[in-house]
Amino acid sequence: MKIFYAADLHGGETAFRKFTNAGKFYKADLVIFGGDLTGKMVVPIVEKNGVYTCRYYGSTVKVKKEKELPDLERNLRDAGFYPFLVSEDELNRLNENDAELIIKEKQIEVLQEWIRLADERFSAAGIPCILIPGSVDDFYLDELINAGSFVANGDGKIIEVNGFEILSVGGGKPSVFKYPREFSEEELAEKIEQLAAQVKDMNRCIFNIHIPPYDTDLDQGTLYDDELKPVLDGDSLATGPAGSKAVREAIEKYQPLLSLHGNVHESRGVTTLGKTICINAGTDYDQGLLRGALVDVGADGQVSYTLTAG
């Protein structure tokens, strides 16, 4: 079986559209998405006296013609932001509760469209697709992820495809960012144990777990303090393991054929724990790139892989 895997697209429109075509492009038998569908931020495009202004990535962008707005909105969407057109007076009247409601509405609006598009394209290609939520994907989005008529929400389930069992666990572990879908190590361990007990053959089982195993080549990320500022190590950013001990222990204990992960964007790579091949495909969603992993499982159970970008 040939599998295409990607994760951590965080609202990036171009990257997601590439994802919905990736199965057909790579001639995959199965496509798996490893979590973090939604973006993290709404960017206001503020209108005053016919001029539209927004700030993102530390820069100010001004648009003086309304017909140029679609290009600005497209650039924001490709970077994983949610554009919000608003007058200066309206913006000044918004409070914190309004802001929370706006980002919720934007996440729902975009994710509804994404699930519809994924359904349409994967169904037309006849390629099964399994999705799971990541740490940033709030629980109110589960209804939307479950709404696909062809793509399947694998979170907390084992889904069998071509004789392979895909064991999926979404969400992350506690972090300084306090993302909405975070679980303690004990909770993660219990979730995996409950599913692993149902697996018929670990030699044909694939773990799809958003958070990577602790202290491996797949979980080395930038460290942040309690004020969400990067920690410095001399003149450089300090890095360290950000993965899950529960996930590592489960892989070492059960030794599935393959284990797929995301969450730590900059830690793209491949490692082995015992006989299990573990992959983090990484992400550059805000550059419009789709980073992924193409995995071939032979009839003899041998696994080969290529990290992809396009």
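For this chain, numbers begin at 1 and follow the sequence in order.
Side-chain heavy atoms closer than 4.5 Å link hydrophobic residues (I, L, V, M, F, W, Y) into clusters, and following such links, even through other members, never connects Tyr224 to Leu237. Cluster membership for Ile115 and Tyr82, using ILVMFWY side-chain heavy atoms within less than 4.5 angstrom, is shared. With hydrophobic clusters built from ILVMFWY side chains whose heavy atoms lie under 4.5 angstrom apart, Tyr179 does not share a cluster with Ile209. Cluster annotation: Ile279 and Leu289 are assigned to distinct hydrophobic clusters (Ile/Leu/Val/Met/Phe/Trp/Tyr, side-chain heavy-atom contacts under 4.5 Å, transitive). In the hydrophobic clustering of this structure, Val297 groups with Tyr5; members are Ile, Leu, Val, Met, Phe, Trp, Tyr whose side-chain heavy atoms approach within less than 4.5 Å, directly or through other members.
Note that CG of Leu30 and SG of Cys129 are 8.0 Å apart. Values are rounded to the nearest 0.5 Å. The structure places CD1 of Ile251 at 4.0 Å from SG of Cys278, a figure rounded to the nearest 0.5 Å. Atom OG of Ser259 and atom CG of Leu218 lie 8.5 Å apart (nearest 0.5 Å). To the nearest 0.5 Å, the span separating CG on Leu117 from CD on Glu13 amounts to 8.0 Å. Separation of atoms CD1 (Ile166) and CG (Asn208) is listed at 8.0 Å; rounding is to 0.5 Å. With values rounded to the nearest 0.5 angstrom, Gln112 atom CD is found 5.0 Å from Leu144 atom CG.
More than 12 heavy atoms of other residues, nucleotides or ligands shown are found within 6.0 angstrom of OH on Tyr214. The environment of Lys245 atom NZ is sparse: at most 12 non-hydrogen atoms of other residues, nucleotides or ligands sit within 6.0 angstrom. Residue Asp226 places its CG atom among 12 or fewer non-hydrogen atoms of other residues, nucleotides or ligands, all under 6.0 Å distant. The number of heavy atoms from other shown groups lying within 6.0 Å of CD (Glu68) is above 12. Atom NZ of Lys104 has 12 or fewer neighbouring heavy atoms from other residues, nucleotides or ligands inside a 6.0 Å radius. Glu100 CD: more than 12 foreign heavy atoms inside a 6.0 Å radius.
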Check step by step if side chain to side chain contact (heavy atoms under 4.5 Å, CB included) holds for Tyr285 and His265.
CA-CA 10 Å; Tyr285 68 92; His265 300 179; 4.2 Å; yes
Check against side chain to side chain donor-acceptor pair (under 3.5 Å), Tyr57 and Asp286:
CA-CA 11 Å; Tyr57 286 152; Asp286 54 346; 3.2 Å; yes
Evaluation steps, side chain to side chain donor-acceptor pair (under 3.5 Å), between Asn280 and Ser267:
CA-CA 7 Å; Asn280 179 350; Ser267 208; 5.0 Å; no
When you look at Ile132 and Val169, which way does the side chain to side chain contact (heavy atoms under 4.5 Å, CB included) test go after all the steps?
CA-CA 7 Å; Ile132 60 171; Val169 176; over 6 Å; no
Go through the steps for Phe33 and Val151 under the test side chain to side chain contact (heavy atoms under 4.5 Å, CB included), then give the verdict.
CA-CA 10 Å; Phe33 182 79; Val151 299; over 6 Å; no
Please evaluate residues Leu141 and Ile108 with respect to the criterion side chain to side chain contact (heavy atoms under 4.5 Å, CB included), reporting the C-alpha separation (whole Å), side-chain torsions for both, the decisive distance (0.1 Å), and the verdict.
CA-CA 7 Å; Leu141 299 168; Ile108 289 172; 4.0 Å; yes
Determine whether Arg248 and Glu252 satisfy the following criterion, salt bridge (Lys or Arg N to Asp or Glu O under 4.0 Å), listing intermediate values before the conclusion.
CA-CA 6 Å; Arg248 176 166 184 153; Glu252 291 175 335; 2.9 Å; yes
Report the C-alpha distance between Gln107 and Tyr140 in whole Å, list the side-chain angles of each, state the deciding distance to 0.1 Å, and finish with yes or no for side chain to side chain donor-acceptor pair (under 3.5 Å).
CA-CA 10 Å; Gln107 286 179 339; Tyr140 57 72; 2.5 Å; yes
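Asp78 and Thr14 form a side-chain donor-acceptor contact under 3.5 Å, judged by distance and modelled atom types alone. A donor-acceptor pair shorter than 3.5 Å can be found between the side chains of Arg55 and Thr60.
Ionic pairing of Glu249 and Lys253 is not present here: no N-O contact between side-chain nitrogen and carboxylate oxygen is shorter than 4.0 angstrom. Using a 4.0 Å cut-off between a side-chain N of Lys or Arg and a carboxylate O of Asp or Glu, Arg77 and Glu73 do not qualify as a salt bridge. Here Glu120 pairs with Arg116 in a salt bridge; the nearest charged N to carboxylate O distance falls below 4.0 Å. Under a 4.0 Å N-O distance rule, the pair Asp142/Arg181 qualifies as a salt bridge.
With hydrogens and angles disregarded, no donor-acceptor distance shorter than 3.5 Å links the side chain of Asp8 to the backbone of Gly262. In this structure, the side chain of Asn92 does not engage the main chain of Asp89 through any donor-acceptor pair within 3.5 Å. Here the side chain of Lys18 pairs a donor or acceptor atom with the backbone of Gly310 at under 3.5 angstrom. Distance alone, capped at 3.5 Å, places no donor-acceptor pair between the His210 side chain and the Gly171 backbone. Between the side chain of Asp138 and the backbone N or O of Pro180, no donor-acceptor pair lies under 3.5 Å. A side-chain donor-acceptor contact under 3.5 Å links Glu165 to the backbone of Asp201.
The side-chain contact (heavy atoms from CB on, under 4.5 Å) test applied to Leu223 returns Val231, Ala238, not counting sequence neighbours. Residues that satisfy the ring pair (Phe, Tyr, Trp, His ring centres under 6.0 Å) test with His261, not counting sequence neighbours, are absent from this structure.
With a 6.0 Å cutoff to the six-membered ring centre and a 45° limit on the axis angle, Lys106 does not count as a cation-pi contact of Phe84.
Side chains of Leu195 and Gln198 form a contact here, defined as non-hydrogen atoms less than 4.5 Å apart. Inter-residue side-chain proximity for Lys173 and Ser184 is flagged as unmet; no heavy-atom pair is nearer than 4.5 Å. Under the 4.5 Å side-chain criterion, counting only non-hydrogen atoms from C-beta, Leu257 is in contact with Phe164. Side-chain contact between Glu190 and Phe183 is absent, with no heavy atoms from C-beta onward closer than 4.5 Å. Between Asn153 and Pro133, the closest side-chain pair of non-hydrogen atoms falls below 4.5 Å. Side chains of Ile127 and Asp29 form no contact here, defined as non-hydrogen atoms less than 4.5 Å apart. Residues Tyr52 and Leu85 have side chains in contact (heavy-atom distance under 4.5 Å, counting atoms from C-beta outward). You'll find the side chain of Val61 reaches within 4.5 Å of the side chain of Tyr56, heavy atoms only.
Residue Ile45 forms a side-chain contact (heavy atoms from CB on, under 4.5 Å) with just one option from Val63, Leu76, Leu91, and that option is Leu76. When each of Ile159, Val303, Thr276, Leu258 is checked for a side-chain contact (heavy atoms from CB on, under 4.5 Å) with Ile206, only Leu258 meets the rule. When each of Phe16, Phe122, Phe19 is paired with Trp114, the ring pair (Phe, Tyr, Trp, His ring centres under 6.0 Å) condition holds for Phe16 and for no other.
Considering every non-hydrogen atom in both Glu193 and Tyr254, the closest pair reads OE1-OH, 2.6 Å. Between Arg291 and Ala281, the shortest heavy-atom contact is CB-O, 3.6 Å.
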